[in-house]
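Notes follow once the structure below has been shown.
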2 protein chains.
Amino acid sequence: MATSKRQHVLDSAKELFEREGFHATGIERILEHANVAKMTLYNNFGSKDQLIVAVLEQSSRTMIEHLVSIAKQSGSDPYEQILGIFGALGDWYDDPTFCGCIFQAATAEYPDPDCAIAQAAHAHQTNLTLLFRELSAKAELRDPDALARRLALLASGATCLARQTRERSPAEDALRMAEILLERASTPIEHRTL
Amino acid sequence: MATSKRQHVLDSAKELFEREGFHATGIERILEHANVAKMTLYNNFGSKDQLIVAVLEQSSRTMIEHLVSIAKQSGSDPYEQILGIFGALGDWYDDPTFCGCIFQAATAEYPDPDCAIAQAAHAHQTNLTLLFRELSAKAELRDPDALARRLALLASGATCLARQTRERSPAEDALRMAEILLERASTPIEHRTL
DNA sequence: GAGCGAATAGACCGACCGGTCTTATTGTTC
DNA sequence: GAACAATAAGACCGGTCGGTCTATTCGCTC
């Protein structure tokens, strides 16, 4: 039961933070949404900031696992797996409850790069890039480090724009650019005119 | 004098909002930073939210003008002008006072897409894309609409990542991808192998 | 059923929030 | 110098914030 209560708080907090922002979400709103007493929250997490860190850490694990499962569903070829991830971006943006990337939001609301919250968001970005790097290496693509950085840039840019514009076109644009990057990274340089 | 006071408030508010976030910056901190009385702020702007909108509107004008001047400095060829803008991203990220894009931060802190703040941030994104579209059209590049969207995506993604990672590599990655996009958009399709 | 840790409900705290109001002091223009 | 708008300085307001504390109840294990 203890872990279940803790999970309720985490899930409620994540939903409210995503929908309304971190500062704008008061502790009491989380309590009533999770149907939990104040002391339960503070016994489990200690403070609002630590709760935010816990939310980010769990969200990172969940998202990375989700992307890995999408990759697996997209076939055995890591090349196709990368494109599968970018294809899934569109579905994410289409979800009417989509309200952007919680890590981007955390970075925006907590500008001090040394604070635990900003570092948790940074850690997620590192893990995401690492995932792209693994897939790039498996696909035997050229310069997997640079490729992974650029794929991560495309994903971040698309998500950022999708939130601002409420359109799905960023997903398609990012997918198209990812295709171009992968094509170029899998073609011997001497066979490439551009 | 009235406009000068108003400008002091706008400048101070912008700096604090960028450095510490919108919710985290109280009215009184803006007042003491601008050396201005409370009523001066409320007579000029009416409310904190309207002040934020005014800051965003002025920041958008300033940034677009700045990008236009960078483009002009980069030569007369619109192709080079676009690359000039991406080259300038690195300088921005290198600035030790760089703390991300204020419009991305505003979108993150005010998730309701109908509120005036989110709309002001959205308007800036529209204007930025429009600038890329103009330059793309002048350079007689193929499909300037899609190209402009993709260039805007690259710029947003690089800025987002630069803030999270505190590195300048996103600028170089975005510049390289912009080069690739421009090359492809200026090459007849039949002459392109990839 | 006794004992005990976990969870509840909610009063309570000081601090700060955005915003209003009052009073006095400027600086400018006739 | 009179008149007036802009500004200053700061008291003040109700509300909310994150966080603490207490008293009570629940649910599980011997």
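Note that the structure is predicted; figures quoted are calculated from it, not measured. We use all heavy atoms of the structure for the numbers below, so side chains are in, but hydrogens, waters and symmetry mates are not. Chain identifiers are assigned alphabetically (A, B, ...) following the order of the sequence lines, protein sequences preceding nucleic acid strands; residue numbering begins at 1 within each chain.
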_Nucleotide-resolved protein contact map, nucleotides 12-18 of chain D, B/S/- at heavy-atom distance under 4.0 Å_ = ------S

*asked:* Can you measure B/Met39 atom CE to C/dT25 atom P for me and round it to whole angstrom units?
replied: 18 Å

*So, B/Glu172 and B/Arg176, do they make that salt bridge, N to O below 4.0 Å?*
no

_Length of the line joining A/Asn43:CG and D/dT22:P, which is rounded to integer Å_ = 14 Å

*Would you kindly say whether A/Glu109 and A/His23 are connected by a side-chain donor-acceptor distance under 3.5 Å?*
yes

*Using the C1' atoms of five pairs at each end, what's the angle between the two axes of the helix from C/dG1-D/dC30 to C/dC30-D/dG1, to 10 degrees?*
10°

_I need the CZ-P distance between A/Arg6 and C/dA6, as an integer number of Å._
14 Å

*Can you label the angle between the A/Phe22 ring and the A/Tyr110 ring as parallel, tilted or perpendicular, going by 30° and 60°?*
perpendicular

*Would you mind reading off the distance between A/Leu41 atom CG and C/dA6 atom C1', rounded to a whole angstrom?*
15 Å

*Between atom CD in B/Gln50 and atom C1' in C/dG19, what is the gap in whole Å?*
12 Å

*asked:* Distance check needed: C/dG10 P versus A/Leu31 CG, whole Å only.
replied: 12 Å

*In whole angstroms, how far is the C1' atom of D/dC26 from the NZ atom of A/Lys5?*
10 Å

Side chains of residues 26-36 of chain A: which donor-acceptor pairs under 3.5 Å do they make with residues two or more places apart or in other chains?
{"unit_1": "A/Glu28", "atom_1": "OE2", "unit_2": "A/Lys38", "atom_2": "NZ", "d": "3.4"}
{"unit_1": "A/Arg29", "atom_1": "NH2", "unit_2": "A/Glu20", "atom_2": "OE2", "d": "3.0"}
{"unit_1": "A/His33", "atom_1": "ND1", "unit_2": "A/Ser12", "atom_2": "OG", "d": "3.1"}

*Contact class for A/Asp49 vs. all strands (heavy atom < 4.0 Å): base, sugar-phosphate, or nothing?*
nothing

*A/Thr40 side chain N/O closer than 4.0 Å to the phosphate oxygens (OP1, OP2) of C/dA6?*
no

*Sequence neighbours left out, what passes side-chain hydrogen bond (donor to acceptor under 3.5 Å, both in side chains) with B/Tyr93? Give chain and number order.*
B/Thr159

*Sequence-distant partners of A/Asp114, side-chain hydrogen bond (donor to acceptor under 3.5 Å, both in side chains), two or more places apart*: none

_Reported CG-to-CG distance for the pair B/Leu89 and B/Asp173, which is rounded to 0.5 angstrom_ = 11.5 Å

*asked:* For A/Gln164 and B/Gln104, which I'm curious about, is there any donor-acceptor pair between the side chains at under 3.5 Å?
replied: no

*Test salt bridge (charged side-chain N to carboxylate O under 4.0 Å, His left out) applied to B/Glu15 - qualifying residues, sequence neighbours left out*: B/Arg19

